[in-house]
Amino acid sequence: MNERFLVIDAAADDGCSEECGRCDLFPAPFRRVGEATYCRFAEVACADGEGVRLPAGETVRLLFVTAGAFALRGAGVRARVVKAGRCACLAVDGAYELAAQGAARGIVLSFVQRIEFGDRDLYGAAAAEVHPAPVCDAVPVLDIRSGIGTLLEGLFPAPELAACDRYHKMKAAELFMLIKLLYTSSEHAYFFQSLVRPRDDFRSFVSNNYERAGSVAELAALAGMSLSAFKRRFAEHFEESVYRWMMHRKALRIAADIRDGERSTHALMAKYGFRHYTQFSRFCKNFLHATPAQLIDAAGRP
C-alpha cells in the first residue's frame, strides 16, 4: 500500500518576518501582557442573592458573564445589570460588588499593567478619522463575540493550570488578540475608555476623565502633568480654555438631566456642586442662556 506523508522541516522558515513588538496581528496595547506584574482569571459562580466583592486597587478587571446575570454596583457608578453573553470593563481604582440575580456564573480577568493605546491599530490617525469619540460610560459593556465565548468555555481544561501564572498570561494574550480582531476600533475606544492616558490620545483622555475632576488643576493632576503643561497641551487640541470647555460640558450635562425629566433645582444644584441658587442661575444664564426655571419650564412643555 502506498502511503503519503507530509514532511515537516524543523529548520524551515516559519513565514513570519515581523518582530512581535511590531506585529499588527498581536496588537498593541495587548502585546505587553506578558510583562504584567499580575494577571489572573477567576471563575465566579453564585446562587441567587450571593455575590462577590472586588476591592479597590490598581487592578483592571474585565467581567464576562457566561450564565444568568449580575447586578453591578460601585462608588460613583449607577447600578446596572450585566446579563449572560455580555462583558464589562471595570475601571482601575474602583471598588465593585457583583450580586447574582438567580444562579449566575462568570469569569473575571484581573491584571495590573500599563496599557498603551497609541498604536495605529487602535487609536491611530486613520481610526480617529473614521470612528467617533467614545461615549463616556462609567462601566462600558459589550456583547461577548463567539470566538471569545469559546475561549472562556475551555479556559481550564485541567485544574493544575489554574495555579500557573504563565498560563494565565498566555490566555490573556490570546483573549486580547481576539478582542483586537473581533471588535471595531470605536468599540475598543468605548470599552477601554477608562484606561486611556493623555500621551495615548489626549482628546479622548480629556473627554473620558473631565467628569472625575472638580477643577482644571484636578484634571491636570489626573493626567500626571503640571497645570501649565496641561493648559499648553489643551490649547493644541481645543479652541477654548480648559475652564470654559469644562463649564460648557457641565452645562450640557445639566441640560440633558432636565430633558430627561429632572425638575428639582435643589437636586441639580447638589449634583453639580452649586451652593446657592443665585450662583446656579448665573451659570445657566451664562452657558445655557436661560434661568433654571426657564429651562425646566421649556422641558415640561408638550
Side-chain angles (χ1 to χ4, degrees), residues 53-56 61 63 70-82 88-99 132-141 189-196 198 202-223 227 230-231 234 238 240-302:
R53 286 190 175 91
L54 304 174
R61 299 183 179 95
L63 167 67
F70 286 98
L72 177 66
R73 297 188 292 266
V77 176
R78 184 170 53 191
R80 67 184 307 171
V81 175
V82 184
C89 182
L90 309 184
V92 65
D93 294 332
Y96 299 91
E97 290 184 352
L98 305 177
V135 176
C136 190
D137 195 339
V139 181
V141 175
Y190 164 73
F191 194 64
F192 294 108
Q193 60 188 253
S194 65
L195 308 184
V196 176
F202 186 82
R203 292 184 67 92
S204 291
F205 170 81
V206 171
S207 297
N208 294 330
N209 289 279
Y210 76 92
E211 290 187 55
R212 297 170 54 195
S215 66
V216 178
E218 288 183 19
L219 187 57
L222 285 174
L227 182 59
F230 182 82
K231 288 181 176 179
F234 193 93
F238 299 87
E240 59 184 331
S241 70
V242 191
Y243 174 78
R244 287 198 64 82
W245 187 92
M246 290 180 68
M247 293 302 100
H248 278 135
R249 294 304 176 280
K250 187 176 186 177
L252 291 174
R253 286 153 51 204
I254 291 172
D257 282 355
I258 293 174
R259 286 197 304 270
D260 290 343
E262 180 58 73
R263 298 293 181 264
S264 170
T265 55
H266 292 291
L268 290 168
M269 288 169 59
K271 180 176 180 179
Y272 292 102
F274 294 97
R275 293 185 178 182
H276 306 289
Y277 180 81
T278 53
Q279 179 191 23
F280 182 43
S281 180
R282 189 182 309 115
F283 176 90
C284 290
K285 285 189 285 187
N286 286 341
F287 291 96
L288 296 172
H289 311 294
T291 66
Q294 290 170 334
L295 293 168
I296 290 171
D297 180 64
R301 294 172 190 166

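Count residues from 1 along the sequence.
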Quiz item: Can you tell which of Leu54, Val81, Leu90 makes a side-chain contact (heavy atoms from CB on, under 4.5 Å) with Leu72?
Solution: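 Exactly one pass, corresponding to Leu90.
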
Between the main-chain N or O of [Y] and the side-chain N or O of [X], is there a donor-acceptor pair closer than 3.5 Å?
| X | Y | answer |
| --- | --- | --- |
| Arg263 | Ile258 | yes |
| Glu240 | Val242 | no |
| Arg61 | Cys89 | no |
| Lys250 | Tyr272 | yes |

Can you measure from [atom1] ([X]) to [atom2] ([Y]) and round to the nearest 0.5 angstrom?
| X | Y | atom1 | atom2 | value |
| --- | --- | --- | --- | --- |
| Lys285 | Leu295 | NZ | CG | 11.5 Å |
| Ser241 | Met247 | OG | CE | 9.5 Å |
| His289 | Gln294 | NE2 | CD | 12.5 Å |
| Glu97 | Arg53 | CD | CZ | 4.5 Å |

Self-check item: Which atom of Ala220 lies closest to which atom of Leu227, heavy atoms considered
Solution: CB-CA, 4.1 Å

Practice problem: Measure across Leu219 and Met246 and return the closest heavy-atom pair with its distance rounded to 0.1 Å. | Solution: CD2-SD, 4.1 Å

Quiz prompt | Trace of the side chain to side chain contact (heavy atoms under 4.5 Å, CB included) decision for Arg244 with Phe287 | solution = CA-CA 9 Å; Arg244 287 198 64 82; Phe287 291 96; 3.8 Å; yes

Self-check item: Step-by-step side chain to side chain contact (heavy atoms under 4.5 Å, CB included) determination, Ile254 to Phe280
Solution: CA-CA 11 Å; Ile254 291 172; Phe280 182 43; 3.9 Å; yes

Practice problem: Tell me, with the steps shown, if Val206 and Phe230 meet side chain to side chain contact (heavy atoms under 4.5 Å, CB included). | Solution: CA-CA 10 Å; Val206 171; Phe230 182 82; 4.3 Å; yes

Quiz item: Could you go step by step and tell me if Thr291 and Cys284 meet the side chain to side chain contact (heavy atoms under 4.5 Å, CB included) rule?
Solution: CA-CA 6 Å; Thr291 66; Cys284 290; 5.9 Å; no

Quiz item: Given side chains that start at C-beta, do those of Tyr277 and Met269 come closer than 4.5 Å, heavy atoms only?
Solution: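 SC-SC contact between Tyr277 and Met269 confirmed.
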
